[in-house]
Amino acid sequence: TNGAAVFPSVEQRRTMADIRNYKCGWLSVDQARAINSDFGTMSRFIQGMPKAELHLHIEGSFEPEQILEMGKKNKMLDKLDGYTGDDKAWCDLQKKKRNFGNLQEFLDLYYAGCDVLQTEEDFYSLAWSYLQKASAANVLHAEIFFDPQTHTTERNKHPVSIVINGLHRACADAKTKLSPPVDAHLIMCFLRHRHPGCGYCQPPAGDDDALQCLEDVLASGLKDKLLGVGLDSGEEGNPPTLFKAAFERAGKEGLRRVAHAGEEGPASWITDALDVLGVERVDHGVRCLEQDAVVERLATNKIPLTVCPCSNHRLQVVSRFFAGENPVRRLMDKGLMVTLNGDDPAYFFGHKDRYGMEHGGYVISNYLVVARECALTADELVKLACNSFNASFITAEEKTAYCAKVQQYCEGFA
């Protein structure tokens with residue numbers, strides 16, 4: 001298929017509002033045409049639409065201003081690289097550093113920002129700040145990643161309890177203190193570079209750091225504060241098969257399982273994540289498009305992908321593997337259950353789309369980027385919102401209730 005057919009222009013989109021296969025049936029023809037023909041109306045529609053976020057690293061929501069404030073509070077300004085006493089200059093410098101050539105360049109900056117997180121209250125504040133933004137974006141359900149080994153082993157030596165208890169308390173408060181409330185849950189991610197074969201892992205990893213991390217959490221009586229486990233950090237050189245024991249143990253404990261696969265790693269690692277780790281959802285997964293058999297399996301079994309378009313642009317995934325073309329249209333056209341998410345939104349702002357508009361990194365920006373670059377219609381945006389709930393780990397009844405909220409919103413949109 002040529003590029004023009006896969007990525008129709010804005011003008012083409014205006015004539016296609018009623019001919020896509022993603023009809024939700026909840027928007028009138030006049031509503032759909034109004035949304036598709038005016039970007040301001042589309043932005044307002046996206047902003048107000050109920051949605052879930054399923055791929056958000058809480059450490060990746062740590063804004064430079066927050067890092068600086070926490071560094072001051074904890075008397076750790078010496079940990080802030082380049083800080084000379086000028087707050088604005090340092091924050092501006094951090095934002096300028098957010099031009100990454102690959103995933104590892106981002107991770108180096110990301111992990112350094114975690115140094116200033118010292119107390120349970122710090123972790124609460126980090127999560128609470130994100131949850132306030134999520135509520136403002138009408139994110140009604142969130143499944144939030146966190147990296148315990150960053151805080152217990154690599155950057156600090158904190159007990160895992162202060163990490164989990166701080167984050168969990170913020171999630172509990174989000175259900176009662178925010179309007180709209182956010183039903184938020186925690187997914188504990190293992191750092192995939194922490195294995196004996198990784199040359200840059202510091203301190204050096206033991207035989208199975210991931211399994212030990214999980215055992216520590218179980219022994220601390222914190223399992224009930226977790227929804228599941230995941231696998232993140234740099235993919236290259238760190239295949240999912242190394243983490244079989246930890247994921248098997250998590251499954252026996254009733255924890256849900258997800259993993260990053262097919263971002264920088266090959267499509268075959270998606271298969272490994274499914275077969276070896278037993279994951280129920282694939283984080284990123286965009287390189288599935290390189291193997292038809294993987295695409296067919298994901299589509300047939302309705303295995304969701306938590307796609308992060310702004311992240312994929314800023315980490316050069318789109319330029320390296322898709323010739324600069326946003327892959328979401330192709331993923332949707334192949335019948336995959338795609339969801340849109342922010343990933344590490346404090347780090348992935350600044351993408352300029354193909355029409356010259358610059359975007360932020362949070363979930364709303366990811367919907368807007370895809371709407372513009374992939375010429376999505378209003379019905380397709382609704383489909384993505386419903387996907388976000390249907391791909392989550394809530395009950396079938398809750399999924400129905402949330403999608404009913406989306407329907408109610410659509411029918412009342414003006």
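Any value given below was found using the heavy atoms of this structure, including those in side chains, with hydrogens, waters and symmetry copies removed.
In this structure, M70 and L117 have side chains that are in contact, with non-hydrogen atoms separated by less than 4.5 Å. P203 has its side chain within reach of R194: a pair of non-hydrogen atoms, C-beta onward, lies under 4.5 Å apart. With contacts defined as side-chain heavy-atom distances shorter than 4.5 Å, the pair L140/D183 does not qualify. Inter-residue side-chain proximity for F190 and Q149 is flagged as met; some heavy-atom pair is nearer than 4.5 Å. Two residues are said to be in side-chain contact when any heavy atoms from C-beta on lie closer than 4.5 Å; H141 and H185 meet this criterion. Side-chain contact between N102 and Q316 is absent, with no heavy atoms from C-beta onward closer than 4.5 Å. Taking 4.5 Å as the limit, some side-chain heavy atom of H284 sits within range of a side-chain heavy atom of S311.
Heavy atoms of other residues, nucleotides or ligands lying less than 6.0 angstrom from CD of Q408 number 12 at most. Counting heavy-atom neighbours within 6.0 Å of K157 NZ, excluding the residue itself, gives a total above 12.
Residues K133 and S129 bring a donor and an acceptor atom of their side chains to less than 3.5 Å of each other. In this model, a donor atom of one side chain and an acceptor atom of the other lie less than 3.5 Å apart for Y110 and D147. At a cut-off of 3.5 Å, with distance as the only test, no side-chain donor of S135 or Q132 sits close to an acceptor on the other residue.
Checked for salt-bridge contact, E296 and K334 miss the test: no charged N lies under 4.0 Å from a carboxylate O. A salt bridge links K88 with D92: the closest approach of a Lys/Arg side-chain nitrogen to an acidic carboxylate oxygen falls below 4.0 angstrom.
Ring geometry for F106 versus F348: interplanar angle of 30 to 60°, hence tilted. The aromatic rings of H351 and H313 sit parallel to each other, their planes meeting at less than 30°, with 60° as the upper class boundary. Note: H151 and F123 have perpendicular aromatic rings, judged against thresholds of 30 and 60 degrees for the angle between ring planes.
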Side chain to side chain donor-acceptor pair (under 3.5 Å) assessment of E53 paired with Y130: CA-CA 11 Å; E53 186 157 31; Y130 160 72; 2.7 Å; yes

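Cation-pi contact between R155 and Y111: absent, since separation from the ring centre below 6.0 Å together with deviation from the ring axis within 45° is not met.
When all heavy atoms are compared, the tightest approach of P196 to A205 is N-CB, 4.0 Å. Closest heavy-atom contact between L255 and K223: CD2-CG, 4.1 Å.
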